[in-house]
Amino acid sequence: MPGRPEAGPSPADTSKRIYFRDITKAHDPHQLQLKKWGEGFLWLPPRHLERGSPQTWNGRIEFGHIMLWCNCFYPAISISDVDTVREGHESELLRNLAEEFPLEQGFTIVFHGRRSNLDLVANSVEEAQIWMQGLQLLVDFVTSMDQQERLDQWLSDWFQHGDKNQDGRMTFGEVQRLLHLMNVEMDQDHAFQLFQRADASQSGTLEGEEFVEFYKSLTQRPEVQELFEKFSSDGQKLTLLEFVDFLQEEQKEGERASDLALELIDCYEPSDSGKLRHVLSMDGFLSYLYSKDGDIFNPTCLPIYQDMTQPLNQYYISSSHNTYLVGDQLCGQSSVEGYIRALKRGCRCVEVDIWDGPSGEPIVYHGHTLTSRIPFKDVVAAIGQYAFQTSDYPVILSLENHCSWEQQEIIACHLTEILGNQLLSTTLDGHLPTQLPSPEELRRKILVKGKKLKTLEEDLEEEEEEPESELEEAELQLEAQMESEPQELSPRSKDKKKKSKPILCPSLSALVVYLKAVTFYSFTHSREHYRFYETSSFSEAKAKSLIKEAGNEFVLHNTWQLSRVYPSGLRTDSSNYNPQEFWNAGCQMVALNMQTAGLEMDLCDGLFRQNAGSGYVLKPDFLRDAQSSFHPERPISPFKARTLLIQVISGQQLPKVDKTKEESIVDPLVRVEIFGVRPDTSRQETSYVENNGFNPYWGQTLCFRVLVPELALLRFVVKDYDWKSRNDFIGQYTLPWNCMQQGSIPYPDLGLHFRTNSGSKADCN
C-alpha cells in the first residue's frame, strides 16, 4: 500500500481529499469535509461541491487507494481492504443521527478483518448512490482480478510509490529508495547494473515496461528455475509427459496426474500455441505454482467435502462468546457489528445476553458492567439478515436470559416476527426424534439454545394444551430454574447476584426445541437423567479439569450430547484460551472472543477454513464412536503415527514490520508449529536471513512426528528476527493436517515456498 502523500492541504484547510483508482471513469466522486460528532467521526459534504483536476480538493479514482487527510495526513485505504459498501440505514451511528439528515444520504465502507467501519454522508441521495455504486464496482473489480492483473496492480502501486516527484519515470536515486521500501538490501553497483540493463531507452530513467523488466530481474527465483529444469529436457518448456512426471513425483498426484496435467495446461499456459501443443512454458509453470491449484491447502477441501447428514453433535461448530462485544468485557462497545462480523466469517453459534431495557424493550449487554447497550430487536434483525450469507448451515442462538416475564414475551415476539420461517420452533417433522437432526436437515434454520420449562416429549404431547393447574405450572417453572445454565459473572459483579431469578415465560420456552440448556453435575448424572437434546456449558477451567481427570468420559459424553465451552470471567480483556485441547475431547461449541486476533483465533480460522468455511467440521471417527477408548491426554495410536518433512525453501515480497522506517530491512525467519494432542504439540524454526525481506532463501528441512494427525493443525509463522527483543510478527497461515497438499508448494499470501512430504515410514533421524 502506498504511504503518505508528498503534498497536501495547508493546516488551515479543513477539506479532505479522496483518491480512487479510475477504473470505471463513470462519475467524479466529491469533496468531503470532516466534522466530529459524538463518539465517532462523521464525514459530511461541504455546501458547495467543486469539480476539477486532482490539484483542486476533489475526489479522484487513482492508484487503487482512497487517500484521506484533513489538518494532518491520513494513511491510504486500499480498495483491496474493503469488503463491501452498505446503505446508511444499516449503520448504528448513522441511525442515531437520523434527525440530522436522511439516512438515504449515508453509506458505510466495511473493511475486511477487525478494522472499524467508516461511515460517510453525501450531499444528496443521488450522490450517495453514485458513491455506493462506484465503490462497490471497484471492490467487485479488485475481487475478480486474476493473478496477472493483481501483479500488474501491485507493480503499478510500487511504481507510483517509488516515483517520488510523480513525473512518470524513475531515476536511479528513486530506485534505490524504492529498494529499501521493498525490503531489498542490494549492493549499489549490482543495483545499477540491473537498472542499466532495464533502461532500454538509455534515458537514465525507467518508465512503464522498463520498470517491469527491472522487477523481473529482481524476482528471478533460481530454486524454481532449478525445479523446472529438473523435469524439462530443453529447459524451455514442459511437455505433457514431463509435466505428468512432475505432478506424480513432486506433487504426489498419483493416477489422476495425466488428466490433471491437461486441465492445468489449459488453465495456466498463457500462449494459445502452447495450449494446442499441450506444453507448459516457464510463465505457465509459475502461474500454476502460485495459483490455488498449487496452494498448500488442498483444493479438494475447499468446497463442502464432508458428510453433512450426521447428527449435530458429530461436528465441531464455529462458536462465539459474548458476540455483541467488539472490545473488552468491562467497558467495551456492544454492537450489532459483532454479530455481522462473526456470521460473515462462518460462525454458527452466537451468544446473546438479554436484560430488561427501557420502554419495555429488552437490551443486550454484558450485565453489571460498563459495556454499552443495544436493542435486542436490532440484534435479531442483524442475525436474520446475515445468518446465511456465508453458510447455509444452521445458526444457534445461545440465549442468556435475565429478563422479567413481560420482556421475555417481547423477546419471543421479536424472535418469531423478525426471523419468521428461519426460526425453528418445533421438531422438523412434528414427531419425537431419536437423535439430533443433521446440519443438512437444518439448512437455513436458526435454533434457540436456552432454558426450557418442559421436556421435548411433553411439549409434543401437550402442544395445544394449557397446564392443568397453576400449581403444575409453578412446579415446571421451578424445575426449569434449577436446571438452568449458570451465568458467568465478572469478578466485579459476583456480589451483585440477585437473590431470586425471574420465572421463565412459556412462549420463550417453547422456542427452545433441540437445544435445552441444563446444568452439568457429572458424566454419570448426565447419562442417567439427561436426554440427547439437552446441552451443558463448561467454563474453560471446568472443562480442563474434566479432560485431565476423566478425558475418555468427556469424549464419550460428546458422542451423544452437545457441549459448549466458554472463556473464564477473568479474561476481562477479551483474551482467548487455546481451543485445541477442547476440540481434542470432542467438544463441539468451543466459544472464543472473535474480536481478539491472535494465536487462538488463528487456530479457529485454520480449522474452519475447510468444508467451504461452513462453520461445521465433522469430528474424527474416534471422537464420534460411542465405544471409543480415546483419551486426549493419553493418546495411544502409534500405528497411525505420521512423519512430516517440511523444507522451507524461500520467500518473496515479505512486508515491513515497521513501515515508518524506510531504511529498515527485515531479517525473516520461519517457524512451523504443530497443534494437536499434547505429545504432538511442538515447534521448530529456520535460521534468519539477514537484511532480505524481498527474496530470502532458507533451504532448511524441519521434521515432525505426529501421533494423532486427525487432530493436528499446522501453523506457519514468519517473524522478523531481533536480537535485542522479541521477534516481530510478520504473518501466519494455519490449516488442518488433513487439508495439507504435498509437493513443491508456494504460498503467495504468506510469501513462502515449501516442499512438504508426509508418510508413515519417514524418519526424522
Side-chain angles (χ1 to χ4, degrees), residues 83 112 143-144 253-254 256 259-260 263 267 291-320 340-350 383 385-397 421-422 424 428 435-447 514-515 558-559 562 579 583 586-590 592 594 601-625 709-714 733-742 747 749:
D83 177 45
H112 294 295
T143 303
S144 64
E253 290 294 353
R256 75 185 195 113
D259 293 335
L260 183 62
E263 293 176 20
C267 184
S291 71
K292 288 298 181 184
D293 287 306
D295 198 289
I296 192 170
F297 194 96
N298 193 326
T300 61
C301 295
L302 287 174
I304 296 291
Y305 74 101
Q306 295 181 329
D307 179 5
M308 302 300 286
T309 64
Q310 300 301 309
L312 277 183
N313 54 286
Q314 306 288 353
Y315 297 85
Y316 296 123
I317 303 172
S318 179
S319 303
S320 166
I340 295 171
R341 291 180 181 179
L343 292 167
K344 290 189 73 172
R345 72 188 304 149
C347 177
R348 298 290 87 187
C349 177
V350 296
I383 292 171
Q385 181 177 352
Y386 289 93
F388 305 111
Q389 284 196 6
T390 298
S391 168
D392 278 348
Y393 291 102
V395 169
I396 296 169
L397 299 189
N421 292 333
Q422 291 180 316
L424 187 79
L428 290 173
Q435 62 180 16
L436 288 173
S438 70
E440 186 63 37
E441 292 174 306
L442 294 169
R443 284 177 80 105
R444 302 190 72 81
K445 288 295 181 183
I446 297 174
L447 286 69
Y514 292 114
L515 300 170
N558 289 324
T559 63
L562 284 166
W583 292 330
C587 297
Q588 298 89 348
M589 296 180 287
V590 181
L592 297 176
M594 289 193 165
M601 276 307 301
D602 292 343
L603 298 180
C604 181
D605 291 340
L607 175 68
F608 291 103
R609 195 183 303 276
Q610 62 186 308
N611 219 31
S614 63
Y616 285 85
V617 171
L618 191 64
K619 297 193 291 184
D621 292 344
F622 54 82
L623 292 181
R624 298 186 283 125
D625 180 2
E710 298 91 338
L711 291 173
L713 293 172
L714 276 71
Y733 183 74
T734 305
L735 76 162
W737 174 291
N738 62 351
C739 293
M740 176 186 62
Q741 192 159 226
Q742 298 188 59
Y747 185 65
D749 289 354

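Atoms considered below: every heavy atom in the structure, side chains included; atoms not considered: hydrogens, waters and symmetry mates.
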**Message:** Please give me the minimum heavy-atom distance between Asp605 and Arg345, naming the atom from each residue.
**Reply:** OD2-NH2, 2.8 Å

**Asked** Taking side chain as C-beta onward, heavy atoms only, is Asp83 less than 4.5 Å from Lys344?
**Response** yes

**Prompt:** Who pairs with Asp621 by salt bridge (charged side-chain N to carboxylate O under 4.0 Å, His left out), at least two apart in sequence or on another chain?
**Reply:** Arg624

**Request:** Look only at the side chain of Arg444 and the backbone of Ala387, and say whether a donor-acceptor pair between them is shorter than 3.5 Å.
**Result:** no

**Message:** For a side chain to side chain contact (heavy atoms under 4.5 Å, CB included) check, start with the C-alpha distance between Ile396 and Val350, then their side-chain angles and the critical distance, and finish with the verdict.
**Reply:** CA-CA 6 Å; Ile396 296 169; Val350 296; over 6 Å; no

**Request:** Would you please name every residue forming a side chain to side chain donor-acceptor pair (under 3.5 Å) with Ser438, sequence neighbours left out?
**Result:** Glu441

**Exercise: identify the closest heavy-atom pair between Gln741 and Asp293** = NE2-O, 3.5 Å

**Asked** Who pairs with Asp259 by salt bridge (charged side-chain N to carboxylate O under 4.0 Å, His left out), at least two apart in sequence or on another chain?
**Response** none

**Message:** Can you tell me how far apart CD (Gln435) and CG (Asn313) are? Round to the nearest 0.5 Å.
**Reply:** 8.0 Å

**Complete:** Interatomic distance, CG@Leu735 vs CE@Met740, rounded to 0.5 Å, equals 7.5 Å

**Item:** Residue list, side chain to side chain donor-acceptor pair (under 3.5 Å) with Thr143, at least two apart or on another chain
**Value:** none

**Request:** Answer yes or no: is there a donor N or O on one side and an acceptor on the other, between the side chain of Tyr315 and the main chain of Gln310, under 3.5 Å?
**Result:** yes

**Item:** Main-chain N/O of Gly613 paired with Asn611 side-chain donor or acceptor, under 3.5 Å
**Value:** no

**Message:** According to side chain to side chain donor-acceptor pair (under 3.5 Å), who are the partners of Arg443, at least two apart in sequence or on a separate chain?
**Reply:** Asp392, Tyr393, Glu440

**Request:** Tell me, with the steps shown, if Thr559 and Asp625 meet side chain to side chain contact (heavy atoms under 4.5 Å, CB included).
**Result:** CA-CA 7 Å; Thr559 63; Asp625 180 2; 5.9 Å; no

**Request:** Not counting sequence neighbours, which residues clear side chain to side chain donor-acceptor pair (under 3.5 Å) with Ser391? List them please.
**Result:** none

**Item:** Interatomic spacing from CH2 in Trp583 to SG in Cys604 - rounded to 0.5 Å
**Value:** 5.0 Å

**Item:** side chain to side chain contact (heavy atoms under 4.5 Å, CB included) evaluation trace for Leu312 with Tyr616
**Value:** CA-CA 9 Å; Leu312 277 183; Tyr616 285 85; 3.7 Å; yes

**Request:** Only counting residues at least two apart or in another chain, list the ones meeting side-chain contact (heavy atoms from CB on, under 4.5 Å) with Ser320.
**Result:** Thr323, Cys347, Met594

**Complete:** Which of Leu424, Leu442, Thr309 passes side-chain contact (heavy atoms from CB on, under 4.5 Å) with Pro437? It is Leu442

**Shortest non-hydrogen contact between Cys301 and Cys739, atoms and distance** = SG-SG, 3.1 Å

**Item:** Qualifying residues under salt bridge (charged side-chain N to carboxylate O under 4.0 Å, His left out), relative to Lys619, sequence neighbours excluded
**Value:** none

**Request:** Can you see which heavy atom on Gly615 is nearest to which on Phe608, and at what distance?
**Result:** O-CE2, 3.5 Å

**Side chain proximity check, Cys349 to Val395, heavy atoms < 4.5 angstrom** = no

**Prompt:** What are the two closest heavy atoms between Gln306 and Leu618, and how far apart are they?
**Reply:** OE1-N, 2.8 Å

**Listed partners of Phe622 passing ring pair (Phe, Tyr, Trp, His ring centres under 6.0 Å), at least two apart** = Phe630

**Message:** Could you measure the distance from the CG atom of Asn298 to the NZ atom of Lys292? Nearest 0.5 Å is fine.
**Reply:** 12.5 Å

**Prompt:** Which residue pairs pass the salt bridge (Lys or Arg N to Asp or Glu O under 4.0 Å) test with at least one member in residues 296-312, sequence neighbours excluded?
**Reply:** none

**From SG (Cys267) to CG (Leu260), nearest 0.5 Å** = 10.5 Å

**Item:** Partners meeting side-chain contact (heavy atoms from CB on, under 4.5 Å) with Thr734 (sequence neighbours left out)
**Value:** Asp602, Leu603, Leu713, Arg715, Gln732

**Fill in**
Output for pair (Tyr514 OH, Leu436 CG), nearest 0.5 Å, gives 8.5 Å

**Item:** Tyr316 vs Val590 side-chain heavy atoms within contact, under 4.5 Å
**Value:** no

**Message:** Within the 4.5 Å heavy-atom criterion, are Asn558 and Leu623 side-chain neighbours or not?
**Reply:** no

**Prompt:** Do Leu562 and Leu515 have side chains that get closer than 4.5 Å, going by heavy atoms?
**Reply:** yes

**Message:** Applying side chain to side chain contact (heavy atoms under 4.5 Å, CB included) to Trp737 and Glu710, what does each step give before you reach the verdict?
**Reply:** CA-CA 7 Å; Trp737 174 291; Glu710 298 91 338; over 6 Å; no

**Complete:** Tightest non-hydrogen contact, residues Val617 and Gln610, listed as CG1-NE2, 3.6 Å

**Request:** Under the salt bridge (charged side-chain N to carboxylate O under 4.0 Å, His left out) rule, collect the residues that match up with Arg256, sequence neighbours excluded.
**Result:** Glu253

